[in-house]
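All heavy atoms count here, side chains included; hydrogens, waters and symmetry mates do not.
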Amino acid sequence: MEHEVFVPVPAERLREALAEPAQVARAVPGLQQDVGAEPVTGRLKVRVGSHSITYRGSVRVSGQDDGSYAVEGDAVEARGSGAVKLALTVRLRDVEGGSTLTFDGTASADGRVTELPADAVASAASRLLSRFAENLGAGVGAEAEAATKPAPEAKPEPEAPTERQTAAGEPVAPEPDPEPGPVFDAEMPPAPLEDLTEDLTDDLAEDFTRSAGPPAEAAHARRTMIGRSAEEVDHAPPRGRYAPVPAPQTSVPNQTLRWAAPAAAVVVASAIVVGRALRRRR
């Protein structure tokens, strides 16, 4: 198999990246590295057409005397008995605007991948190599950009204030602080009588306001609400100045009933007096 990929990065930078296993591992698309193993060891899911096959294996990259790189890898299916082995040679060549990577070699496989169409397998292998080359160039470009990025300039610290200077550049002597005079020597004008009267009036009004307690009706209402539930307080009738006024009586009692008892007493007393007088005459 043979495949060629263009990368907008100089060939020298790509050679440096291929010499570092950590950068090679980051460039392999979809590689899940095993903890504590070699940098380019782990699980890799390969999609062939509408099928996905997961392999577990490792890849080794070594430089050659002619400037090319040898790539050797072997892997087995995570769920199956199939295996894959590859041996590739990677050559780099500078071109206008970047470089090209040429992959040339052989690969052997058995298991599930042999049951799939050959053109689908070749397309999946070419896509995997293209993405590997693109990721390798993107990683090199990101490192170069970070290296060339200027460091933030430190802001100069503000200078400490110096002595005042004249136009000729000579320092000016500081002015002496005024000596504080005696406090009791200053004459204080007497306060006007009107201000004293207003202050005395305000103090009396404030004392009267503080001494006055809450109205008796408010205190009574507060005492009656203590120990009662919120529902009882809400439905309790208002008291004090907010109590409802009783409705006037529509029926007026008969005025004659008021004098019935006194009149009866007078009649009884008159009858007794008359009876006694008649008895005496007899």
Side-chain angles (χ1 to χ4, degrees), residues 1-11 13-64 66-95 97-143:
M1 59 175 297
E2 185 176 352
H3 186 66
E4 185 175 291
V5 183
F6 170 78
V7 179
V9 176
R13 302 297 303 274
L14 293 178
R15 290 188 179 94
E16 297 176 359
L18 289 172
E20 297 183 7
Q23 292 194 20
V24 174
R26 289 195 296 267
V28 177
L31 176 64
Q32 300 179 2
Q33 301 184 36
D34 293 341
V35 180
E38 296 181 5
V40 197
T41 303
R43 297 163 58 95
L44 178 64
K45 180 181 290 187
V46 180
R47 187 171 185 82
V48 182
S50 59
H51 301 272
S52 297
I53 306 175
T54 302
Y55 291 96
R56 179 186 294 277
S58 60
V59 176
R60 294 166 296 278
V61 181
S62 57
Q64 305 298 315
D66 58 353
S68 62
Y69 292 85
V71 181
E72 298 177 354
D74 57 273
V76 296
E77 295 180 3
R79 297 181 180 179
S81 58
V84 175
K85 292 184 178 182
L86 58 89
L88 300 176
T89 302
V90 183
R91 295 181 174 85
L92 291 82
R93 180 168 51 92
D94 286 319
V95 295
S99 59
T100 58
L101 284 79
T102 303
F103 299 89
D104 187 10
T106 59
S108 61
D110 56 8
R112 293 178 55 190
V113 70
T114 58
E115 302 174 359
L116 303 176
D119 56 347
V121 175
S123 177
S126 300
R127 183 171 60 252
L128 184 63
L129 294 176
S130 297
R131 293 181 58 187
F132 169 76
E134 293 173 358
N135 293 344
L136 189 65
V140 171
E143 291 184 357

Self-check item: Nearest-0.5 Å distance that lies between atom CZ in Arg91 and atom OG1 in Thr102
Solution: 8.0 Å

Quiz item: For Leu14 and Gly137, which heavy atoms make the closest approach, and how far apart are they?
Solution: CD2-CA, 4.1 Å

Exercise. Find out whether Val24 and Val59 are in side-chain contact, i.e. whether some heavy atom of one side chain is under 4.5 Å from a heavy atom of the other.
Key: no

Practice problem: With rounding to the nearest 0.5 Å, note down the distance linking CG in Asp104 to NE2 in His3. | Solution: 12.5 Å

Quiz prompt | salt bridge (Lys or Arg N to Asp or Glu O under 4.0 Å) involving Arg60 - partner list, sequence neighbours excluded | solution = Asp74

Can I get a per-line list of side-chain donor-acceptor pairs under 3.5 Å for residues 107-123, giving both atom names and the distance, sequence neighbours left out?
| from | atom 1 | to | atom 2 | distance (Å) |
| --- | --- | --- | --- | --- |
| Asp110 | OD1 | Ala83 | N | 2.7 |
| Thr114 | OG1 | Gly111 | O | 2.6 |

Self-check item: Which residues share a side chain to side chain contact (heavy atoms under 4.5 Å, CB included) with Pro8, sequence neighbours left out
Solution: Phe6

Quiz item: How would you list, by chain and number, every residue that makes a side chain to side chain contact (heavy atoms under 4.5 Å, CB included) with Ser52, sequence neighbours excluded?
Solution: Lys45, Arg47

Quiz item: Just how far is it from atom CG of Leu101 to atom CG of Leu18, taken to the nearest 0.5 Å?
Solution: 7.0 Å

Quiz item: Rounded to the nearest 0.5 Å, how far apart are CD1 of Ile53 and CZ of Arg79?
Solution: 12.5 Å

Exercise. Could you pull out all residues at least two apart from Thr41 that satisfy side chain to side chain contact (heavy atoms under 4.5 Å, CB included)?
Key: Asp34, Ala37, Glu38, Ser58

Practice problem: For residues Tyr55 and Glu77, determine if any side-chain heavy atom of one lies less than 4.5 Å from a side-chain heavy atom of the other. | Solution: yes

Quiz item: What is the distance from atom CD of Glu2 to atom CG of Leu88, rounded to the nearest 0.5 Å?
Solution: 11.5 Å

Quiz item: How far does OG of Ser126 sit from CD of Glu4, to the nearest 0.5 angstrom?
Solution: 12.5 Å

Self-check item: Contacts of Arg15 that satisfy side chain to side chain contact (heavy atoms under 4.5 Å, CB included) - sequence neighbours left out
Solution: Ala11, Glu12, Tyr69, Leu92

